[in-house]
Structures are given as structure tokens and as C-alpha cells.
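Naming: A, B, ... by sequence-line order, numbering from 1 per chain.
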2 protein chains.
Amino acid sequence: MERGRGALGPALELVHTGRAPTRAVLTSELGVTRATAGAVAAELEALGLITVDSRPTASAGSQGRPSHRLFVNENGPVVLAAQIHADGYRVALVGLGGRIVATTSGCGTIPADPALVLTEAVAAGSELLRETGRRCLGAGLAVPSAVAEPDGEALNPLHLAWPSGAPVRALFLQALADAGIPGVTEAIGFTGNDVNLMALAEHRHGAGRGARDLLCVASGHRGVGGALVLDGRLHSGSSGLALEVGHLTVNPEGAPCHCGSRGCLDVEADPLAFLVAAGREPGPEVSLLRQAADLLRDDYADPGVRAAADLLVDRLGLGIAGLVNILNPDRIILGGLHRSLLEADPERLRAVVADRSLWGRSGGVPILPCSLDYNSLVGAAELAWQPVLDDPLVVLGR
Amino acid sequence: MERGRGALGPALELVHTGRAPTRAVLTSELGVTRATAGAVAAELEALGLITVDSRPTASAGSQGRPSHRLFVNENGPVVLAAQIHADGYRVALVGLGGRIVATTSGCGTIPADPALVLTEAVAAGSELLRETGRRCLGAGLAVPSAVAEPDGEALNPLHLAWPSGAPVRALFLQALADAGIPGVTEAIGFTGNDVNLMALAEHRHGAGRGARDLLCVASGHRGVGGALVLDGRLHSGSSGLALEVGHLTVNPEGAPCHCGSRGCLDVEADPLAFLVAAGREPGPEVSLLRQAADLLRDDYADPGVRAAADLLVDRLGLGIAGLVNILNPDRIILGGLHRSLLEADPERLRAVVADRSLWGRSGGVPILPCSLDYNSLVGAAELAWQPVLDDPLVVLGR
DNA sequence: GTATTTTGTTTAGCGTCGGCACAAAGTCAG
DNA sequence: CTGACTTTGTGCCGACGCTAAACAAAATAC
């Protein structure tokens, strides 16, 4: 009777990631008949998830009847996304397609009790929901530390004063329940490492679109994080602890690292390492990343700054080459300081990686800067959207 | 009308990997009704892939009607598997369940022209098919080098005299066609790195059963290879070149490696490194792996041998810990020399890995020796079986 | 203005699976 | 030994979700 149930999720994902601008494309991408694609689109429209623009399209394409264009519903439901970072938090309502509908933030030192900031962030999100009157289908949280599965505990949150092992997912869920976010169940409310979520967002909506095996490396405040998307799914390892790339050795005579080794990427290629190499005294007033990025932008002509950048690029390249040998991704995206380093001198990094990875062919892997604002936040939203993308009917109730 | 088409592949895979001993288990594992599970089993039996033992089972289980037992059909179709190694080749016919039905081998120096040995191996396999009268559904090849996708070229086959970039898959397919293997199309005939295929075999039929993210590390003749199975599928990277783990740095003051760095796992933890560390002169008459394994087995009490073993275990542990940090597998399997080292002193390696991996939790990852004979050969067969496991009807024709 | 191409919709039909009832084959209790 | 209970296997029917095919619509091409 009702057509197009099984293909509902895949179809929504295509529209969500911008790969299905029309019903005709939907037909070929899903490998179904036009009848089914039409029914699927109608069902998604009835669910309020997408909109169909059936006006005569001005875009003169080729022959034949022009397609109606499919859009994500700009006034449709949203998810609540929150990100905790060294200087505060940011909250957003994110619609399908990674569209940020509303956002707000709070800054200041993160208290040692994670429940406090999570409650505050969720309250801010709840206020956004009230203001916008949007329906909320889930929530996602990004934290700047590893998140251990299956319990969602933050491990070693070095930049925050949180205790290691803090059960952030449980606390986040509790905060959502306390704030009375409608429809909150244990099934929604997902938590992940910020670099992992950056990778997810860039893969779906940014510079990683279309990549099969996408590797991301980023450095925010201290340390270096990595993430891997395989076949469209985040690979976070059996306990959620994969891609701890910070402890690859990139400088055998380097500084000692808290992990017991020396010359780890973590201490050799983060913003602090850059500032020290450039001979600058890091100040406490603004984040290390901001200081490093400003320096790169404003004083790149300074020989000392240039030399420090080259040094970090060489170290970073060594680490990335090691990852290329192990993971063989087809695209690499850099965030945070590493994005700035890449943009300052794209060729040097590519040359180092090509030189140190085993096969010239792999050395040719594209290395790109990340392309989304607030990518960790959008990634947290992706986590929350995932159940809807898997099966809209389960979440929205037939 | 005919029930159980969509679930045919998954059901066969369950029987194939020994996870569905009865129709009742099939029912729960597939998440279908008993009716569907029964129809699926009947269909697979009609296709000649499995057999059903409907005799009253002697195994007094619990209450209720005893299940009929499901077996892989011992007289069913096979695939042709071939392995090229430093000292010759081995060919086998492999049935479902990883059962080796017949095998033969040839030894001697591998000629510089890969086509020669491949033709000889395929001819030997063809002879096995003639002798046994089995139907052949595909063929797989294992080679001791990286295999670049999508063309199936052997890259840097160090232990063989082959030119780098030799198109082994194309040559293998040509040899199969020349030998008149029935039913050979470009869709069958798969080629892979031997350690990758070992991982696949161990995951399906050996010590890796049930693991979600399985990491394998092995050292055969020279160098160290790695492989990763994620969610039951081999991860070989976007160009088939993943898991080149040999160039992880494990000894900053170590020997120079052809990759340009020094102290790589490749030169610090292979059979030659062990023999040298133990003060033995490697002889040319038998493979380095055999010499090293014999030494470990017979002279482990010798302090020099013991010290060399401990040294290699420490280096290997460092390399594995790095991989654990990056990949976070839930099981690790060692082959070749590393298997012997593990069996000689299991606790030392586990302690090193736990000590150097970032999280104690991940440090507790089980490290096991491989458990199958001819695991690369069985893995090559798995590659050939894969289309059948994906959809038996496509291969066998409805 | 007519033919052609491509897209969207309607209707009919069919294949696959779930639900259910029933049969079969064992254990358990007396 | 007999009857109640539990679990497994199978046949029948209906519902769901898809394809196929015909038709209608909206553009371009000649």
C-alpha cells in the first residue's frame, strides 16, 4: 500500500548530504523505480523532513521535463548540539543538512563538576528551543577528550578540570531530562570526541564529501587529535578510543611526553609547541590556538615564525605519513592549528607526507583544510540525527 | 512464493563461520521467523551449499524438540586458493567453512616472471579440480607483498624477484582463463596480501572469531605485516595499501631502514633481526622464519636466545601499543615469528603493550597466537567465497 | 506545431516476509 | 507408561513494499 518504507532512511541521507537534489537523482542513487522514489519523497515531505519545490525550474538543464527540486525542510525539526571546550561552551539547534538554525554560547572557566556546565548548556539549548518553537528529535555532545564506550565516559580531559572517567553521557542525558527536553529517551543523547565529530561533519557537509576513507587531524588547545570515517561511518574503535594519534613519535630527540615516551606528536605539533618554537611567550588571556593562528596570519613573514611553522609542518608531516602508511585514507582534512599551518604553506606539508609515506601513490593523497564553521558542533548534531537517518519512522512514529 | 531470498547470504555466512549450528539459532541470529529460517535453510540445501542432519540428535540439550543440525556441505562446491611465498607456492581447494579439501605445493625459487609461477600454480589447482571432480566457484590468490587497488598490482615484492607493480591479479585471471577453469569471469579471482588474508581467515574460522575489530601482525621472512578486520570486512584502505605497519618507529637509535628512517619495526622485529640479536649466523638453506622458530623452540633456555627474544618482544610491544592507540582493536592475533615470540613468553608482551598503550582498558586487549594452518590460503579462499556469501543466487544462478 | 526526451503519477500485480495454527519430537512429573 | 509442557519445524494466508507498465506533464528540438 504505502510505498517506499525501506528506502526512507537512505533517501533522507541523500537529501541530507546534498547528494539528491531531485527525485530523478534519488531514483538512480537508490536504484529504485521512479514510482518508489516519488513515494519516498512524498512520505519524507509528509513527515515534515523535506520540501519539494514544484515550481517550474528556471535552471535550463538539458532536454526533457525539468525535475522538481528537493530541499531539506528549513522549518523542520532540529536536534540540540552542544560543545564543551577549554574556554566555555557553545550550543546550537541544527536542522537537517547541517544547517545551524540558532546558536548561543557561554564562556568562562569550565567548572570541575561536569554536571554544572552540562546543565547550563542544556538550559541554554532549551531556551533556544522555546524561542524558535522547533521540535527537537535528539541531542549530541562534543567534548575535548576521548570518550570511552560503551558508557560514554570522558577519559583524561586534559584541558578541563574534569576528573578522568567522568560519565559525561549519563550526565548529559540527565541534564536533558531535567530540562524537560521533549521526547528525550535513553536512545537519544550522544557524546563524542570533538575531533571525531569534526570528521563526521566534514565528511557529510564539508571538505570530506564523497571520500570513502577520510582521516582528520586537528589540534585545538593542547595535544593532537585524530579521527577516521570509514564508508560513511565514524570509526571510533572497539571502546571508542581509536585514533589517539598524539603519541606517534615524530622527533626521537624531542621533549618528554606524559605518556612516557618522547617526541610525541602531542607535544611537538600543538599550539604551545608552535609558540615556543617561534620564541613567543604564551599568554593566558586567550586560547593557545587563537594566539598561534594570529601569529601565523600576521607574522608569517618573520623568519622566526616562518622557521617555527616549517618545523611543525615537518613534524606533522611525519606523523601524517605514519598514519597514511597504516590507514591508507583517500583524503585528509586538517583542523585547528594544523589547518592554519596547511594554509600557510600547502606544498611543504604535501611534500613531506609524500616523501615519508611508503608509496608514491599514497603520497598523492589530497590534504585539505576543514571547511565548516563549528564543525564539531555540526558533528554532534550528526550523531543525534543518525537514528532519524537510519529510520525516520522509528523516531517520528509512523 | 519462495521464502527467504534476502536473508540467504547472511544465513550462509552464519553456517560458514560456524555460528548457526541449527535452524533455531538461525532464526534468532537473522531476526526472522522460524518459517523464514526454515525456508532459507531449505533453499541453501537445494543449492547444494549446506546439509541438514534431521536424525534424532544424540546431544541431549535442554527441553523441547531437538534441533536439526546444519552443516556446510562437505561434498559441495569449492574455490581454488593459491599462495605464493618466498620458497614456492601452495594450492588448495577450499570448501565452505574454511575446509581444505585438497592441497598440493611446489617449491623452488620463484622466477622473476610472475606469470610463470601463477600458471604453474593454477595448473596444479586445475589438476586438483579434475581429480576431485568438484565444482569451482571462484579463485583467490595470496602474495607476500602489498597489493594495490583497484588494479591488483604487487608493490615492492621484496622477497620475490618480481618487478614492483607486477599486475598479479590480471596475470592470475589470465592463468585461470588459460587453464579453462570453468565459470571464470572477471568477477572471480581475487588477490590480496598474505597477512591481510591471514587476518580474514582467523577472523572467520580461527582465533579471531567473534572479534569486531581484529588486528593482526605477522612476520614471515623479512619485514613485518599488519592487517585489520572491521565489522567482518577486511580494511585494506582506499588503495589496498593500509596497515603497512613495518615502518612504525620502535627503536630511535635502531638500524637504518630502506624507508629512510631508522629503527622501524620492519628491521627491528623480523626473523633476521632476531637471529642477529641472538648472535646466530642466518643460513641460506631454510627460510629465516623456520630458523628463528626452531631457535626459539629448541634453545630458549640459552641466555643469549632468551635475551634476543625479550628484546624483540619489547620492540614488538612498542609497535603494537602504537597500533592499539590508533586502531583500538578488541583483539590482536600474531602470526609467524611473532606468534612464536608470544607463545614463548605471553606475559611479557602483554605487559609491554598494556604499559605503552594510553588507556589501561585498551591495554587489556587480548593478544592471541593465530590458530589455523595455512591461514593465508584459507583467507584467499574467503576472498573467493565472498560473492557467494553476499548473494548465493547471483553466483549459482537461481 | 509536432516529435522527442525526461520526469512524475497512477494502477495493477507479485514476491517476500510475518503471523498464526498445527504437527512433531523431545523432557519432566507423577 | 501417560499426560503436560517446551521447543522446533512447516503450511497457509494476508500485508507490506516493491516493480512494471501505461499514462500524463513539461520542457527542448526540428
Side-chain angles (χ1 to χ4, degrees), chain A residues 1-12 14-15 20-47 50-71 390-394 397-398, chain B residues 1-12 14-15 20-47 50-71 391-394 398:
Chain A
M1 188 209 293
E2 205 66 47
R3 208 166 351 198
R5 294 306 187 80
L8 221 50
L12 181 58
L14 286 170
V15 179
T22 68
R23 271 187 274 238
V25 177
L26 206 57
T27 300
S28 60
E29 288 291 315
L30 291 175
V32 297
T33 58
R34 287 202 303 275
T36 304
V40 167
E43 177 86 15
L44 289 175
E45 193 177 19
L47 289 169
I50 71 171
T51 55
V52 179
D53 181 0
S54 46
R55 292 172 313 179
T57 42
S59 74
S62 58
Q63 276 188 356
R65 174 176 171 175
S67 285
H68 299 171
R69 310 206 56 183
L70 304 180
F71 298 97
D390 287 341
D391 189 346
L393 294 176
V394 167
R398 51 162 311 108
Chain B
M1 188 208 297
E2 204 66 50
R3 203 159 3 191
R5 295 302 188 81
L8 220 51
L12 181 59
L14 286 170
V15 179
T22 68
R23 270 187 273 236
V25 177
L26 206 57
T27 301
S28 60
E29 289 289 317
L30 292 176
V32 298
T33 58
R34 287 202 302 275
T36 302
V40 167
E43 177 87 14
L44 289 175
E45 192 177 18
L47 290 169
I50 70 170
T51 54
V52 180
D53 181 1
S54 47
R55 293 171 312 178
T57 42
S59 75
S62 58
Q63 280 187 351
R65 173 176 172 177
S67 284
H68 298 171
R69 311 206 55 186
L70 303 179
F71 298 97
D391 189 347
L393 293 177
V394 167
R398 54 165 308 108

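- No donor-acceptor contact under 3.5 Å links the side chain of B:Arg65 to the base of D:dG9.
- Within the structure, a side-chain polar atom (N or O) of B:Arg23 is placed less than 4.0 Å from OP1 or OP2 of D:dT10.
- For the OP1/OP2 pair of D:dT7 and a distance below 4.0 Å, the side-chain nitrogens and oxygens of B:Ser67 include no atom meeting the criterion.
- The CG-C1' distance, from B:Leu8 to C:dG15, rounds to 15 Å in whole Å.
- Distances were taken from every side-chain heavy atom of B:Thr33 (C-beta onward) to each of C:dT27, D:dT19, C:dG19; the shortest belongs to C:dG19.
- Listed nucleotides: D:dT6, C:dT7, D:dT19. Nearest to the side chain of B:Gln63: D:dT6.
- The separation between B:Glu45 atom CD and D:dG9 atom C1' is 13 Å, rounded to whole Å.
- Taking atom CG of residue B:Leu26 and atom C1' of nucleotide C:dC17, one finds them 15 Å apart after rounding to whole Å.
- The interatomic distance linking B:Arg69 (CZ) with D:dG9 (C1') rounds to 17 Å, in whole Å.
- Heavy-atom distances to DNA chain C give each of A:Thr22 and B:Ala7 a nearest nucleotide, and the one nearer the 5′ end belongs to A:Thr22.
- For the pair A:Leu70 CG and C:dG8 P, the interatomic distance rounds to 8 Å; values are reported in whole Å.
- Listed candidates were D:dT28, D:dT19, C:dG26. Nearest to the side chain of A:Val32 is D:dT19.
- Between A:Gly64 and B:Ala35, the one whose closest nucleotide on DNA chain D sits nearer the 5' end is B:Ala35.
- The distance from atom NE2 of A:His68 to atom C1' of D:dA27 is 11 Å, rounded to the nearest whole Å.
- For the pair B:Gly38 and A:Arg34, nearest-nucleotide mapping onto DNA chain D gives the more 5' position to B:Gly38.
- The distance between atom CZ of B:Arg5 and atom C1' of C:dC14, rounded to the nearest whole Å, is 13 Å.
- In this structure, A:Leu30 places its CG atom 14 Å from C1' of D:dG17, rounding to the nearest Å.
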